[in-house]
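When reading the values below, keep in mind they use all heavy atoms of this one structure, side chains included, and skip hydrogens, waters and symmetry mates.
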Amino acid sequence: MRVFLFFLIISILSCSLDYSSMDVEELEILYKKENKNEVLPYLCRKYYKKYQKELINKDYILNKTQEYMDKTVNYCALSFKKLNDIGSAKILEELYFSNYVNTKKDFLYFIYWAYKAGDKDTLDTFIKKDSVIFAVLFHSDRLMNYLVKDINYISDREVINRFKTAYRLLVEYQKDIKDLDNSWLFYTDKEYISRSFSELTIGFDQLIRDMKSNRFLISEIRDNLSKYEKAYFSSRTAKKYVELFYTLKALMRINLDNFYIFTLKKEDINRGIARAMNVKEKDTDILQEVLPVIKEFVEEKDKYIKKYDEILKKES
């Protein structure tokens with residue numbers, strides 16, 4: 001009889017408990033001992049707050065960051081699974097995005113929980129905006145290959161045409177990126193990418209102007225370079241022509257080098273994205289769930305690549 005009364009009292013008290021005022025240890029006892037699923041959203045939120053505080057405090061001796069993150073993920077996932085608690089899904093969305101920004105990991109987890117939370121704005125940004133930057137980076141490789149192919153064996157007119165085509169595409173890349181007000185996948189790199197294309201556009205434009213205004217002289221100097229170099233110290237005209245020729249050649253090299261430097265940095269960005277797209281083996285099922293989102297992303301990306309290919313074909 002006493003045992004019955006004890007559990008009756010506990011049951012009555014539990015009905016009136018204020019979960020928000022309890023600490024995580026008390027809540028965990030209620031969940032583990034009494035299977036009270038209703039405490040899961042509170043465990044989710046409270047462990048997430050602990051995790052955030054631990055990130056700020058940076059206690060390197062008693063560091064519990066990983067422990068609190070693991071418990072946040074566990075309880076928030078359980079809260080969503082058992083109670084369909086959207087607030088818990090949003091916490092995981094926020095947590096994984098923070099991880100991506102700080103460590104270049106967990107991007108697909110971020111997209112997965114945004115999907116579960118029904119966060120249409122986040123998914124739209126990924127599909128319609130991140131896909132544009134991805135397409136630009138992908139297509140810029142094609143542009144670089146087009147620009148440098150056999151460049152030492154083509155006519156001056158063809159060199160100018162290629163740089164004009166590159167300039168036209170750089171302007172298009174820049175315009176498309178500038179139209180984007182946000183990005184998730186390129187959150188930390190969007191401004192660098194935009195600034196790089198802006199600088200390349202300015203450099204290519206100046207080079208094209210200089211080459212067009214001097215195209216007849218360039219042809220004359222190229223055909224008779226040996227003659228002008230021999231007369232470099234004895235003729236002002238020869239000196240002027242030789243210096244002009246090598247100045248333009250140097251400007252061309254500088255612009256190509258700047259483009260190449262950007263492609264090297266882009267490879268770092270691509271490697272970071274590849275790491276961010278990895279998921280743990282036990283979590284591969286999330287890939288199936290976000291497949292519709294990834295498919296829309298790819299379709300949007302391909303649409304822009306097709307547009308850039310048409311410009312490349314038309315201009316060249």
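You'll find the side chain of T188 reaches within 4.5 Å of the side chain of K104, heavy atoms only. With a 4.5 Å cut-off on side-chain heavy atoms, F80 and W113 count as touching. Under the 4.5 Å side-chain criterion, counting only non-hydrogen atoms from C-beta, L43 is not in contact with L78. Between K105 and Y109, the closest side-chain pair of non-hydrogen atoms is not below 4.5 Å. The side-chain heavy atoms of L185 and I133, taken from C-beta on, include no pair separated by under 4.5 Å. Annotation: side chain of D156 is not in contact with side chain of M211 (no heavy-atom distance under 4.5 Å). Y31 has its side chain out of reach of E28: every pair of non-hydrogen atoms, C-beta onward, lies at least 4.5 Å apart. Annotation: side chain of V136 is not in contact with side chain of E172 (no heavy-atom distance under 4.5 Å).
The 12-atom threshold is exceeded at OH of Y96, counting heavy atoms of other residues, nucleotides or ligands nearer than 6.0 Å. Counting heavy atoms of neighbouring residues, nucleotides and ligands inside a 6.0 Å radius, atom NZ of K307 exceeds 12 of them. Other residues, nucleotides and ligands contribute at most 12 non-hydrogen atoms within 6.0 Å of the OH atom of Y260. Within 6.0 Å of the NZ atom in K175, the count of heavy atoms belonging to other residues, nucleotides or ligands exceeds 12. The environment of K239 atom NZ is sparse: at most 12 non-hydrogen atoms of other residues, nucleotides or ligands sit within 6.0 angstrom.
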Next on the checklist: Let's go through F134 and F297 carefully: what are the C-alpha distance in whole Å and the side-chain angles of both, what is the deciding distance for ring-ring contact (aromatic ring centres under 6.0 Å, His included) to 0.1 Å, and is it a yes or a no?
Outcome noted: CA-CA 10 Å; F134 196 92; F297 172 90; 5.7 Å; yes

Item to check | Derivation and outcome, side-chain contact (heavy atoms from CB on, under 4.5 Å), residues L30 and Y19 | outcome: CA-CA 10 Å; L30 285 174; Y19 298 136; 3.8 Å; yes

Item to check | Stepwise side-chain hydrogen bond (donor to acceptor under 3.5 Å, both in side chains) test for E220 and Y228 | outcome: CA-CA 10 Å; E220 163 67 19; Y228 287 120; 2.7 Å; yes

Checklist entry - Hey, mind stepping through F110 and F107 against ring-ring contact (aromatic ring centres under 6.0 Å, His included) and telling me if it holds? => result CA-CA 5 Å; F110 160 62; F107 187 80; 5.6 Å; yes

Checklist entry - What do the steps show when you test F197 against F262 for ring-ring contact (aromatic ring centres under 6.0 Å, His included), and what is the final call? => result CA-CA 9 Å; F197 281 122; F262 171 74; 4.9 Å; yes

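Across E94 and Q52, no two heavy atoms sit closer than the pair OE2-NE2, 3.6 Å. Closest of all the heavy-atom pairs between S88 and P41 is OG-CA, 4.1 Å. Contact record, L123 with I111: CD2-O, 4.0 Å, taken as the closest heavy-atom pair. Taking all atoms of both residues into account, the shortest heavy-atom contact from A238 to S235 is N-OG, 3.1 Å. In plain terms, the two heavy atoms of E243 and T247 that are nearest each other are O-OG1, 2.6 Å. Pairing each heavy atom of I91 with each of C76, the nearest pair is CG2-SG, 3.8 Å.
Remark: L256 CG to L207 CG distance equals 8.5 Å, nearest 0.5 Å. With rounding to the nearest 0.5 angstrom, the CG atom of L27 is 11.5 Å from the NZ atom of K36. Separation of atoms OG (S213) and CD1 (I218) is listed at 7.5 Å; rounding is to 0.5 Å.
Between Y173 and Y308, the ring-plane angle classifies as perpendicular under the 30° and 60° cut-offs. Using bins of under 30°, 30° to 60° and over 60° for the plane-to-plane angle, the ring pair F97/Y187 lands in the perpendicular bin.
Listed by first and then second residue, the disulfide bond (SG atoms under 2.5 Å apart) pairs that reach into residues 140-214 come to none, sequence neighbours excluded. Sorted by first and then second residue, the side-chain hydrogen bond (donor to acceptor under 3.5 Å, both in side chains) pairs involving residues 121-137 (not counting sequence neighbours) are E93-T122, D119-T122, K120-D124, K129-D181, D130-S183.
The backbone N or O of D210 sits less than 3.5 Å from a side-chain atom of N214, completing a donor-acceptor pair.
N102 and S98 are linked by a side-chain donor-acceptor pair at a separation below 3.5 angstrom, with hydrogens and angles left out of the test.
I261 and I202 fall into different hydrophobic clusters, where Ile, Leu, Val, Met, Phe, Trp and Tyr residues are linked whenever their side-chain heavy atoms come under 4.5 Å apart, directly or through other members. Connection of V242 to L217 is established within a shared hydrophobic cluster, with ILVMFWY side chains joined at heavy-atom distances below 4.5 Å, either directly or through further cluster members.
Cation-pi contact between R162 and Y146: present, with separation from the ring centre below 6.0 Å and deviation from the ring axis of at most 45°.
In this structure, the ring of Y75 has its center no less than 6.0 angstrom from the ring center of Y48.
With respect to D302 and K306, no salt bridge is recorded, no charged nitrogen being found less than 4.0 Å from a carboxylate O. A salt bridge between E310 and K313 is absent, with no side-chain N of the basic residue lying under 4.0 Å from a carboxylate O of the acidic one. A salt bridge is defined here as a Lys NZ or Arg NE, NH1 or NH2 lying under 4.0 Å from an Asp or Glu carboxylate O, and D141 with K266 meets this definition.
When each of T165, L170, L169 is checked for a side-chain contact (heavy atoms from CB on, under 4.5 Å) with F204, only L170 meets the rule.
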